[in-house]
Amino acid sequence: MKRTSTFSAPDENRYKPFTPKHTGKRQLFQNPYLERLTRTHILVPISVFFIFASFLLYYVAVYKSLSFLLLAGSFVVGMFAFTLIEYLVHRYVFHLFPDTPEKADFQYKFHGVHHEYPKDKDRLAMPPILSALIISLFFGLYYLIMGNLAYGFTAGFAIGYASYLGVHYMVHAFQPPKNFFKILWINHGIHHYKNDDVAFGVSSPLWDWVFGTLPK
Ligand SMILES: [Zn+2]
Ligand SMILES: [Zn+2]
């Protein structure tokens, strides 16, 4: 199948498209500890996000006076906001054009390796330590912006993140279901195997529809 990718593997010429490989894996770091950190069972980050979200919801319910409506509302908005961040990061960060060796290296480690070895199941999520750090920073930022609403918002955001990880794992590990969720399998398959300039949304096609990157 023809590839239009701008990715390049470290040992190939820069910007030379590669073909996705269905077996094998690649070492990303010489240092064994760093290398170990790049591999994670998908249930580790999913559990981390669920525990983090539960803690936030428990804390705000017990120690803060926020109405149920505001808490539930901020949770739903947070989940929805995650789907937009998911789209933007995948499109503009993970698929940034690698016009310098540094960008190519960054892009390969964060995302290109997944495009080259899409079936390497231990590399479907960032290292949990890194994602825990990022979500804590997000919580701090949201707290500065929206005060106590940040508890519900960040909990929703974290559950959105966990759902995305679950969907992405299932799309790569299991056969497509025979219901309307099948569209997620089809779109992500197109992104990986036909055209990585389209279908950046993994957990939903909504933002591809909004920004005009739905596959034809
Ligand atoms: Zn991608
Ligand atoms: Zn994928």
Side-chain angles (χ1 to χ4, degrees), residues 1-10 12 14-28 38-46 49 82-100 102-128 130-131 134 160-177 180-216:
M1 214 174 280
K2 190 183 166 290
R3 291 277 296 156
T4 53
S5 173
T6 47
F7 286 128
S8 54
E12 291 173 0
R14 294 285 173 204
Y15 323 130
K16 186 178 150 202
F18 53 66
T19 316
K21 301 176 179 69
H22 288 289
T23 52
K25 41 190 69 169
R26 181 183 289 278
Q27 187 177 346
L28 286 180
T38 66
R39 302 202 154 273
T40 175
H41 191 287
I42 197 69
L43 287 178
V44 176
I46 289 180
F49 287 134
F82 176 81
T83 63
L84 175 61
I85 297 296
E86 175 205 317
Y87 177 89
L88 294 175
V89 169
H90 188 190
R91 180 169 179 184
Y92 294 108
V93 181
F94 291 166
H95 284 267
L96 62 87
F97 191 76
D99 53 359
T100 65
E102 291 76 22
K103 282 188 195 169
D105 187 51
F106 165 86
Q107 189 208 43
Y108 186 80
K109 284 195 170 91
F110 272 83
H111 197 59
V113 67
H114 170 56
H115 272 265
E116 191 174 27
Y117 297 94
K119 298 220 183 274
D120 186 355
K121 293 198 191 74
D122 287 349
R123 284 231 175 94
L124 294 177
M126 274 196 286
L130 194 59
S131 25
I134 289 172
Y161 201 150
S163 314
Y164 150 77
L165 289 176
V167 169
H168 191 216
Y169 184 86
M170 287 192 282
V171 164
H172 281 288
F174 304 131
Q175 290 301 311
F180 77 103
F181 285 114
K182 193 176 171 188
I183 189 71
L184 301 177
W185 268 252
I186 295 171
N187 282 353
H188 201 58
I190 291 172
H191 176 75
H192 270 282
Y193 301 110
K194 282 200 174 139
N195 182 2
D196 59 26
D197 277 335
V198 296
F200 295 100
V202 176
S203 59
S204 96
L206 171 70
W207 298 108
D208 283 300
W209 177 72
V210 171
F211 294 116
T213 49
L214 264 187
K216 296 265 160 359

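Counting starts at 1 for both ligands and their atoms, following the listed order.
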Candidate pair Tyr87 and Thr213, rule side chain to side chain donor-acceptor pair (under 3.5 Å), full reasoning: CA-CA 10 Å; Tyr87 177 89; Thr213 49; 2.7 Å; yes

Quick one: do Glu86 and Tyr161 satisfy side chain to side chain donor-acceptor pair (under 3.5 Å)? Show the steps, please. CA-CA 8 Å; Glu86 175 205 317; Tyr161 201 150; over 6 Å; no

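The Zn ion (ligand 1) is the vertex of the angle joining NE2 of His90 and NE2 of His111, which measures 90° to the nearest 10°.
Residue contacts to the Zn ion (ligand 1): His114 brings no N, O or S atom closer than 2.8 Å. Among the atoms of His192, none of the N, O or S atoms falls under 2.8 Å from the Zn ion (ligand 1). Taking 2.8 Å as the criterion, His191 does not count as a coordinating residue of the Zn ion (ligand 2), since none of its N, O or S atoms falls below it.
Between Thr40 and Pro127, the closest side-chain pair of non-hydrogen atoms is not below 4.5 Å.
Residue Phe211 qualifies as enclosed at atom CZ: its count of foreign heavy atoms under 6.0 Å is above 12.
Atom NE2 is the N, O or S atom of His168 at the shortest distance from the Zn ion (ligand 2). Nearest N, O or S atom of His115 to the Zn ion (ligand 1): atom NE2.
Checking side-chain atoms of Asp196 against main-chain N and O of His191 turns up no donor-acceptor pair under 3.5 Å.
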